[in-house]
Amino acid sequence: MKNISTIILLLLLITCGKSQEDYIRHKTKNILDNPVAGGSVVIGISTEPDALNPLTALSKTSRDVIGLIFQRLAVINEDLTTFTPQLAKAWTFTRDSLAIKFLLRSDVKWHDNQRFTADDVVFTWKLQTDPKIIWDGIGFKDNIDTVFTVNDSTVIFRFTKKSRTMLMDAVEGCIVPKHILDSIPPENIHKSDFCQNPIGTGAFKFVQWKSQQIIYLEKNQDYYIENRPYLDYIIFKILPDNYSLYQQLISEEIDFSSGLSERNFQQIIMKWNDHSSAVMPISIPGRKYEYIGWNMIDPQNYAKCLKKYGSSYQNIQHFLKPNPLFGSQKVRAALSMAINKKEIIQLTSGGLAEPMHGPVPMIMKTYNPLANKHWDYNPQKALKLLSEEGWIDSDNDGVLDKDSLIFNFELLTNNGNIVREQIATIVQEQLKKIKIKTSIKKVDSGLLGGRILPQKKFDAVILGWNVGLKNDLSPLFHSTSFFSPFHFTGYYSIKFDSLQEQLNQTMDQNIVQNNSDEISQMLSHALPYTWLYYKKNNIAINQRINNAHFDKRGSLINVEDWWISENNRIYKE
Amino acid sequence: MNQDKLKILSEFFKKLWFNKSSRTGFILVLLVGLCALFAPFITDYQPNVQNLNQSLQPPGKEHLLGTDFFGRDLFTRIIYGARISLGISLFATFLSTILGVGIGIIAGYFGKIYDKIAMRIINLLLGFPKLPVFLIFAGLGGTSVKTLILFMSLFSWMELARISRAETMSVKTRPYIKSAIALGLRKRTIFLKYIIPNIIGPIIASATLLISSMILLEAALSFLGFGVQTPIASWGTILYQGKSELVNGWWISFFGGIVIVITVIGFNLLGDGLRIIFEPKSKS
Amino acid sequence: MYKYFIKKLLYTISVFFAGISLIFIIIHLYPGNPNMLFLNPEAGVEIQQRITEKFGLNQPIVFQYFKWLYRIIIHWDFGHSFSTGKPVLELMGTSFLPSFVITVLATILALCIGIPAGVLSGKFRNSLLDRIITSIMLFFYSMPGFWIGIMLLWFFSIKTNLLPSSNLTSLFHHQMTFPEQIIDYIKHLILPVVTIALPFSSIFFKHVKSKLVDILNSDFILAAKSRGISENKILCVYALQNTLLPVITILGTTLPVLLSGVVLIEVIFSIPGMGRLMVNATMARDYPVVLASAILTFSFVILGNLVADLCYKFADPRIRMGQENESR
Amino acid sequence: MSILNNEILKVENLEVIYPLNSGGNTHQQVIAVDDVSFCLKENETFGIIGQTGCGKTSIAMSILQFVQPSGGNIYFRNKNIRKYNSAELRVERRKIQPVFQDASGSLNPKMTIRNSLEDAIFADKSQKKVKIQKLLDYVGLKYSHLEYYPHELSGGENQRVCLARALAAEPELLILDEPVSALDISIQGRIISLLQKIKNSENINILLITHNLKILRFLADRIAVMEKGKFTEILTKDDFFNFKGGKYSQSLLKLHGYK
């Protein structure tokens, strides 16, 4: 990939013409200059990684860091379907299409100078599927029957059944060194020194992790691609406060960050347009969206049913009562029409987000904007819909009511997320206009996800999901996950279940697209969620860094190609 | 008899007024209190109504102290926030005064094991840094105003308990208490009619000082994101919101803090003044 | 004496155990689950449950408690952080130093501001100088410490960019020459130290001033004056000696105020210290870290109490052993 | 039995020890009252005389149960008062009333004279009024005094109030602890005559503790001489004032100008 890799700077760009020009200049400069080695980049991150071991790491920050130290057999391309070789040179499907044969590179060395061999790949698979390890990607390996070596540089993955995602399943997960982890019992790996001092094959070597401060990575001198990486050091600086992040970007103490708050990103844009800072704002589709989830079934009744009939969906589905407020689709539609997504986006993200109308995320290949039913902002129509449902303000107290029931509910969101608090406050005000009373409650996420959501003890909640690359909506809406913390709305549809199942199993791209569209249509009509917006990934990067490439896969995908011209180096490395 | 009380009261105010610092304190507290009370008459804006295209306006003619993220008038929110902040602080002070005086009197009057236990608890709690403790207990589950007040009062009664204990111990040795005991009066009567009226002065003074530390505590806790829920404003939540807008709207943090400082200064001066009035010893 | 000490120690230990047990139980009984912080539908429910198992949270609380206690007592092992996977002891070790340094420096600065201000104010009582100093100190006393921190941060870091806004050192600190390193440290420490010291100094100021005024009006000073000893000598030799001793003792009682202040200031200035560790751990439900920091705080409190008690005893032999000091 | 009935108060081997505040294991203590025994008979005024700090007040405090004696027994009407439970104590207490030296300090400064007196009377409102009126007349106070606070009255007036309050409880034993020492000489006489009036008219026994020989001469029937926590002798008033006591009594008399 590196050799092919080009000099494309994908910048889904922001505003006026001025910045366009700047962006073009940056690009040309990059083509004219020859990349030179040297220099360091400081990356600002807002949370500390949870571990630097690819088998146990869970947070996004960890994956970003790990992605520089460790490598996979192959990495996914921007189209999210094809792959580029990494540790594997090439691969072929066997004749029966039930196995993939990987030809590995033979010039790869671990950071401690041991040779990378096929044994490492087999060993990694064994650990990944070991229940004691608790690797969070274990689901990818479900269909893999066995993995074995043919010789030092050939590995075969044998599958139990054919599927659309065989290659993706095989290459998922970073390869870990056998010679180090072999001696550690699997149940102790999450505590082992390896989590703090990882050894990989990647372009950067781990040097040091100072808790709450920094993580140092240095150039892997023995990297198998010649002249790569260009940079001598990558330093992750942990800055939990958004203003520090912003401040240090402006003062050029850090060069890069993708964790800026929307408000501070606005400032970056303003300064860039004024030519008063060297920090370039880049806004590309991200991997997150925000939504309001409605509780569609009555919480008290649910608790009773659960107690009486146990947690099996077949047993309890006939006894569940709809939520007195949100059980009706018309009410949910009315609420969706009363919420002005554009206003929310404008205020919380300065317009840098896409209003979202259906369940399929924008970055997915299957995303089809026409499949979604749009509930455009229209408070009058919302009021009318509500009155059709019997919700009228009969006692003129400014709050809708129906049979002595008052339209008053609690809007939950998790503690510590300022943007969601802001969304909640705006939504509260917007719903007030259609005479609906809300109170906002911030709850600790452990409590929210650990108790309130799984027990369905709530009215409505503002949350966001990170989008995976697999596009599987089963955890959120499929009846088999009805008792999981993710499926808290209580949405149930036999049709959805079968569509999603079919979608997951088929290899036919047309069926995939068809079912996906149908699902979009169904869910955007049924509205278990009111999708608010699809977030942009707000990246700020100092313009002295050349050849950085960002897309929907992430912001640190080609760090080994980044380079800094000599006169632009700040630190005396 | 009413006239007598009136006389005592006017005497008291004369003393309060005579002392320059307690006069200043009294005026400041009165000013903030009146603002909170007559908030709707002072400002034309509503505290919680958003005006999204007026987001983050700097202080100016239209908005005296600027607007916040949601385009709400900051001045209005500060005035209305005074109701919440003062309300919480006063109520928490009230609770901890009752708790502290109760424990202090029992410890001071009965002595022995009661005193020992009370003093152990007091010393232990006095040594506790409130914020980390609050973090451990409240950080886990989020908080409501109720738990906030409860926490604030549970961790603030010690100073009052110590004062009322010391005062009770000195009052206890006075002959009139002995006479009252010898008369076979009930404990309740002795506490309510003989002890409390005679130790109330220092208690009022330190309760006034406690209000100011309660205001600061409320601000600190709200600043960490606990406490009053949006959209209701308290001074602490104004600071909390101001923190994330520091780059774009310094005035939120600035004025949110200034009003706390003014009020706390007011209560501190008033409390010091009362202390001087009630404690003739420190008059020198 | 010996017996008293043993008694006190036993009492301390029992309180300590009661305290940490209480914290352990409260934390673990609290509804919700720490693994939910990695709320990610892609990972699946099964993973969530297995993470719970990994953290040992599926076992009965009593079992968890004794296991935890056993590990600490026998192996001196406080477990591994849920959120960073690092050994808790190591985390505590690295984050203790910054907090300690800042606290000590802030205390010194507070003394350097508070005592001279108190002396000046007390000596020139009711003068213009006294009024100015008193007003400033009242302002310091009445402001929320974190607020002045934010305002300083806004002015010196965001507005004027004179001082760094976070951390204790620059990134390439280790490549600097020695004088540069010192300057780097100072630059990073100025804001947090000043922020903590200002409100703190006002406490010292209050005590010093009132004590000094008392002493200057006392009989033995008047007697000294009448003997014709110079004012400055009276101030330095007689008055200050008697003023400063109580100031040292109030250092102990202000420890909790200081610790509370450090928490907020570390959060504001992103200092990798105990306070920030604690705040992050609580927010992330990182039980091992929360417990360990609670134990540390608790130990400080109890140790402070013990030391204060003993100091008090040695300082004032009139206090009978075993009796609580009444007018601290 | 008859002799026993005649005794209002009987103190046996009373011992009061105060701990001293000091460090270390050495339990230093002060023996305030050391093995004191006496009895107070019906219709008798018993005086205890001694220098300040000799332990007189400790005896009074033990009888009033403000101090726990470390040894000995106190019988009031043949009942050991140390064995009362708390409910009994509250009732029985009213039968022994103290009057202290510091008259204004003996009255709650935050209460009017009326309230102070009302608190002392356990009766309903109308009866209270009558009784207060009677008491005021008896101790020689005006009705208008009732609305005053203690600090607005003179020492003598306050002492009258204290006596009125003590009498309001209808006590059988009155313990007077230096009742006139804090008063001006001119007022002392009037209070003493009031006390004489009480002694003669009411069926009240008095334990008088003082270092003032004048009041002793007017009131006491028998006198105990106390020195350093011990009774050196107990003798009648006449014997005492006729120099029939021991060395210490005689020196006391001489000190105060008696010949």
Side-chain angles (χ1 to χ4, degrees), chain B residues 1-12 101 105-106 108-116 119 164 166-204 277-281, chain D residues 57 60-61 63-68 84 86-112 114-122 146-150 152 158-159 161-163 165-171 173-175 177-178 182:
Chain B
M1 195 165 142
N2 261 339
Q3 254 177 346
D4 262 4
K5 288 221 165 127
L6 222 67
K7 214 173 89 190
I8 292 171
L9 215 66
S10 72
E11 192 92 334
F12 170 78
V101 171
I105 287 182
I106 287 172
Y109 185 81
F110 292 107
K112 290 179 202 151
I113 187 78
Y114 294 96
D115 191 35
K116 255 189 187 158
M119 280 318 279
S164 40
E167 292 288 323
T168 306
M169 289 199 333
S170 86
V171 162
K172 196 182 129 189
T173 58
R174 304 270 165 80
Y176 62 87
I177 299 293
K178 289 197 168 134
S179 307
I181 296 170
L183 282 170
L185 297 184
R186 288 177 187 284
K187 294 261 153 54
R188 197 181 38 190
T189 321
I190 291 176
F191 288 168
L192 290 180
K193 285 170 91 171
Y194 287 76
I195 292 180
I196 290 181
N198 286 298
I199 64 172
I200 196 80
I203 288 175
I204 288 177
I277 291 171
F278 290 127
E279 256 176 63
K281 272 178 279 169
Chain D
T57 305
M61 290 300 149
I63 298 167
L64 287 163
Q65 300 237 48
F66 290 129
V67 165
Q68 278 301 314
Y84 288 146
S86 59
E88 268 179 318
L89 182 64
R90 215 167 62 77
V91 180
E92 296 294 325
R93 242 190 176 148
R94 282 177 69 81
K95 293 179 185 161
I96 309 174
Q97 286 298 311
V99 172
F100 301 108
Q101 174 177 14
D102 176 13
S104 11
S106 302
L107 293 166
N108 187 345
K110 296 291 153 75
M111 273 164 112
T112 56
R114 177 197 294 279
N115 287 340
S116 284
L117 288 178
E118 274 179 352
D119 267 4
I121 305 167
F122 290 1
L146 283 181
E147 307 309 335
Y148 286 107
Y149 285 92
E152 292 165 315
N158 274 332
Q159 196 60 300
V161 176
C162 288
L163 280 167
R165 184 177 56 181
L167 294 176
E170 295 171 356
L173 176 65
L174 207 54
I175 297 182
D177 188 358
E178 308 276 13

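Just so it is clear, the values below take in all heavy atoms, side chains as well, and ignore hydrogens, waters and symmetry mates. In what follows, chains carry the letters A, B, and so on, assigned in the order in which the sequence lines appear, proteins first and then strands, with residues in each chain numbered from 1.
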Review point. More than 12 heavy atoms of other residues, nucleotides or ligands under 6.0 Å from OH of B:Tyr114: is that the case?
Key: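 No, OH of B:Tyr114 has 12 or fewer neighbouring heavy atoms, counting only those of other groups under 6.0 Å.
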**Study point:** Within 6.0 angstrom of D:Phe66 CZ, more than 12 heavy atoms from elsewhere
**Key:**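 Yes, because the 6.0 Å sphere around CZ of D:Phe66 holds more than 12 heavy atoms from other groups.
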Exercise for review: Quick one: which of B:Pro175, B:Gly184, B:Pro197 has the most heavy-atom pairs under 4.5 Å with chain D, could you say?
Suggested key: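 With the most close heavy-atom pairs to chain D, the winner is B:Pro175.
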Check your understanding: What distance separates B:Arg174 CZ from D:Phe100 CZ, expressed to the nearest 0.5 Å?
Key ->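 Here the rounded value is 13.5 Å.
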Point to revise | Nearest-0.5 Å distance, OG of residue B:Ser179 to CG of residue D:Leu107 | key: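 Rounded to the nearest 0.5 Å, the OG-CG separation comes to 7.0 Å.
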Exercise for review: Please step through side chain to side chain contact (heavy atoms under 4.5 Å, CB included) for the pair B:Lys178 and D:Leu64, ending with a clear verdict.
Suggested key: CA-CA 9 Å; B:Lys178 289 197 168 134; D:Leu64 287 163; over 6 Å; no
Review point. Between D:Ala169, D:Pro150, D:Ala120, which shows the greatest number of heavy-atom pairs under 4.5 Å with chain B?
Key: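 The candidate making the most pairs under 4.5 Å is D:Ala120.
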Check your understanding: Can you find a pair of side-chain heavy atoms, one from B:Leu183 and one from D:Asp119, that are under 4.5 Å apart?
Key ->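 No, too far: nothing below the 4.5 Å cut-off.
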Minimum-distance pair of heavy atoms, taken over all atoms of [X] and [Y]:
X	Y	result
D:Gly105	B:Tyr176	O-CD2, 2.9 Å
D:Gln97	B:Ala182	NE2-O, 2.9 Å
B:Asn198	D:Lys110	OD1-CG, 3.3 Å

Check your understanding: Which bit of B:Ile200 is near chain D, if near means a heavy-atom gap under 4.5 Å: side chain, backbone, both or neither?
Key ->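 Neither; nothing under 4.5 Å.
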